[in-house]
Student: 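Next up is a structure, given as C-alpha cells.
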Amino acid sequence: MDSDDSSATDALRLTPVWDRTRPRPRRPTGLTRERIVEVSIALADAKGLDNLAMRDIAHALGSSPMSLYRHVASKEDLIDLMMDSVAAEQDLANIPTGKWESDLKHLGAAHRSTLLAHSWATRPPVRPLLGPEALRRFDIALSIFPESVPISRRAWAVHTIDAFVRGSVAAELAERFEIERTGIDKSQWQQAVAPYMTRMLASGQFPHVDCFIRVEEADPEEQFQLGLEAVLGGVRNVIGQA
C-alpha cells in the first residue's frame, strides 16, 4: 500500500462513525446497525466490555461476524455507538429549569443511573464523545448556566461533575468487578482476613480504624449524594467568581 492509500485509510478510520456513509448490505437480512448496538449493549452489561467479541454478537443475532462488518467497521466504532446509545438513556427532558445547581445535580444523578445500569461505560473516554446523543447531552448541560458564566467555566463544571460521578460509580461497582475477577465475594473475603484484622486491631495501634470498622456500612446512595453536594459546593464557589 502506498503512502496515499495509507493516508486515505487513516483518514477514514479517524472519521467519526456517524459521518461515514453506511454500506448497503448485499441483500436484505433484517440486520441493522441499531439492532447490533442493542444486542452489544446487552452482552456488555452481562459480560463486560473486555469480553465483548464480534463472534458472540453475531451468534446472538443469528448471523455471521462478517455480516456485522457491513454495518460496523470495527469494534472501536461499535463501542462509540454503544456509548452514544446509553447517553440517550439519561432523562434530561425537564432541564434547564432556570436553577443551574439543581439542574447540575440532576445531570449527575441521571449519569449515575446510566453508569450503574451499564458498568462498562464507567471507563473514562480518552477523547470527547462526539455522537449526536452525547453532543445533545453536553449542549443541554452547557445551557443550564446563566449567560454571564463563560462557556469555558460551564464546560469545566460539567466535566467536574461527570468525573466525580464516574469515580463514585467505579468505587461502588468495585466489589462486583472483584467478584468477577477472583470469584470470591465480600463475605468470603471478610472471613479470610478476619483473623489478621482481629490481631491488628487488638494491638491498640489503630483505634480510629477500629472505630470505623464497627460503624454500619454506609448506603451507596447516601454516600453519592454527600459527595455530589461537596463537589457542587466547590463548583458553586468557582461559578460565583465568574
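Atom set for the values below is all heavy atoms of this structure, side chains included, hydrogens, waters and symmetry mates excluded. Predicted model only: the values in this text are computed from it and were never measured.
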Student: Do the side chains of Pro146 and Val149 get nearer than 4.5 Å, heavy atoms only?
Tutor: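 Counting from C-beta outward, Val149 and Pro146 do come under 4.5 Å.
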Student: Hey, would you say the Phe206 and Phe212 ring centroids sit under 6.0 Å apart?
Tutor: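 Between Phe212 and Phe206, which both carry aromatic rings, the centre distance is not below 6.0 Å.
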Student: Looking at Ala194, is its backbone amide N or carbonyl O close enough to the side chain of Thr198 to form a donor-acceptor pair, meaning the two atoms are under 3.5 Å apart?
Tutor: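 Yes, Thr198 side chain to Ala194 backbone: donor-acceptor pair under 3.5 Å.
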Student: Report the C-alpha separation of Arg33 and Glu38 in whole Å, then their side-chain angles, then the decisive distance to 0.1 Å, and conclude whether the salt bridge (charged side-chain N to carboxylate O under 4.0 Å, His left out) test is met.
Tutor: CA-CA 9 Å; Arg33 176 182 285 180; Glu38 179 185 0; over 6 Å; no
Student: If I compare all heavy atoms of Lys75 with all of Leu49, which pair ends up nearest, and what's the gap?
Tutor: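 What the structure gives for the nearest pair is NZ-O, 3.4 Å.
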Student: Over 60° means perpendicular and under 30° means parallel, so classify the ring planes of Phe145 and Trp100, tilted if in between.
Tutor: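 Because their plane-to-plane angle lies in the 30° to 60° range, the rings of Trp100 and Phe145 count as tilted.
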Student: Can you name the closest pair of heavy atoms from Ala58 and Ser64 and give their distance?
Tutor: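 Smallest heavy-atom distance, with atoms named: CB-C, 3.5 Å.
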Student: Check the pair Gln225, Glu221 against side-chain hydrogen bond (donor to acceptor under 3.5 Å, both in side chains), reporting the backbone distance first and the verdict last.
Tutor: CA-CA 6 Å; Gln225 293 297 336; Glu221 173 68 25; 2.9 Å; yes
Student: Do the side chains of Val72 and Val17 get nearer than 4.5 Å, heavy atoms only?
Tutor: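 In short, these two side chains do not touch, never coming nearer than 4.5 Å.
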Student: With a 4.5 Å heavy-atom cut-off, do Phe138 and Leu129 have their side chains touching?
Tutor: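 Phe138 does not reach Leu129 side chain to side chain.
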Student: Distance check, rounded to the nearest 0.5 Å: Leu61 atom CG versus Asp56 atom CG?
Tutor: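 These two atoms lie 11.0 Å from each other.
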Student: Would you say the side chain of Arg166 lies within less than 4.5 Å of the side chain of Arg123, judging by non-hydrogen atoms?
Tutor: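 A side-chain contact is absent here, since even the closest heavy-atom pair is not under 4.5 Å.
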Student: Would the His111 and Phe164 ring centres measure less than 6.0 Å apart?
Tutor: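 No, too far apart.
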Student: Under the side-chain contact (heavy atoms from CB on, under 4.5 Å) criterion, do Val37 and Thr32 qualify, and how do the steps go?
Tutor: CA-CA 9 Å; Val37 171; Thr32 65; over 6 Å; no
Student: Could you check if a side-chain atom of His118 sits within less than 4.5 angstrom of a side-chain atom of Thr114, using non-hydrogen atoms only?
Tutor: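 His118 vs Thr114: side chains touch.
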Student: Supply the atom-to-atom distance Leu116 CG to Glu172 CD, rounded to the nearest 0.5 angstrom.
Tutor: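 It is 5.0 Å, given to the nearest 0.5 Å.
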Student: Please indicate whether Asp50 has more than 12 foreign heavy atoms, meaning atoms of other residues, nucleotides or ligands, lying under 6.0 Å from its CG.
Tutor: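 Counting neighbours around CG of Asp50, 12 or fewer heavy atoms of other residues, nucleotides or ligands fall under 6.0 Å, so no.
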Student: Could you pull out the closest heavy-atom pair between Leu115 and Ala121, with the gap in Å?
Tutor: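 Scanning both residues completely, I find the closest heavy atoms to be CD2-O, 3.5 Å.
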Student: Write down the atom of Gly98, the atom of Asp103, and the distance for their closest heavy-atom approach.
Tutor: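 It is N-OD2, 3.9 Å.
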Student: Inspect the contact between Arg112 and Asp162 and indicate whether a charged nitrogen and a carboxylate oxygen are less than 4.0 angstrom apart.
Tutor: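 Answer for the salt bridge query: no.
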Student: Does Gln190 have more than 12 heavy atoms from other residues, nucleotides or ligands lying within 6.0 Å of its CD?
Tutor: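 Enclosed: over 12 neighbouring heavy atoms sit under 6.0 Å from CD of Gln190.
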Student: Has the side chain of Ser113 got a donor or acceptor atom that lies under 3.5 Å from a matching backbone atom of Ala109?
Tutor: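 Pair found, side chain donor or acceptor close to backbone of Ala109.
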Student: Indicate the atoms forming the closest heavy-atom contact of Leu52 with Ala44, along with that distance.
Tutor: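 Answer, listing the atom of Leu52 first, then Ala44: CD1-N, 4.2 Å.
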Student: Using side chain to side chain contact (heavy atoms under 4.5 Å, CB included) as the criterion, list what pairs up with Thr182, not counting sequence neighbours.
Tutor: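 Partners of Thr182 by the side chain to side chain contact (heavy atoms under 4.5 Å, CB included) criterion, ordered by chain and then number, come out as Glu178, Ile184.
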Student: Drop me the distance from His106's NE2 to Asp91's CG, to the nearest 0.5 angstrom.
Tutor: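 Output value for this atom pair is 5.0 Å.
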Student: For Val165, is there any backbone N or O sitting under 3.5 Å from a side-chain donor or acceptor partner on Ser168?
Tutor: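 No; judged by distance alone, with no hydrogens or angles, the pair does not exist.
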Student: With rounding to the nearest 0.5 angstrom, report the CE to OG distance, Met54 to Ser67.
Tutor: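 Met54 CE to Ser67 OG: 9.0 Å, rounded to 0.5 Å.
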Student: Hey, is the main chain of Leu142 close enough, under 3.5 Å, to the side chain of Arg154 for a donor-acceptor pair?
Tutor: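 Yes.
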Student: Between Asp84 and Glu133 (side chain of the first, backbone of the second, donor and acceptor by atom type, cut-off under 3.5 Å), is there such a pair?
Tutor: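 Side chain of Asp84 to backbone of Glu133: a pair is present.
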Student: Taking the side chain as everything from C-beta on, heavy atoms only, tell me whether Met200 gets closer than 4.5 Å to Asp210.
Tutor: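 SC-SC contact between Met200 and Asp210 ruled out.
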Student: Would you say the side chain of Phe224 lies within less than 4.5 Å of the side chain of Val169, judging by non-hydrogen atoms?
Tutor: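 Contact flag for Val169/Phe224 side chains = no.
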Student: Within this structure, what is the CG-CG distance for the pair Leu107 and Leu228, rounded to the nearest 0.5 Å?
Tutor: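 It comes to 10.0 Å.
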Student: Rounded at 0.5 Å granularity, tell me how far CG in Leu232 sits from CZ in Arg236.
Tutor: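 So the gap between those two atoms works out to 6.5 Å.
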Student: How about CH2 on Trp189, more than 12 heavy atoms from neighbouring residues, nucleotides or ligands closer than 6.0 Å, or not?
Tutor: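 No, the 6.0 Å shell around CH2 holds no more than 12 heavy atoms from other groups.
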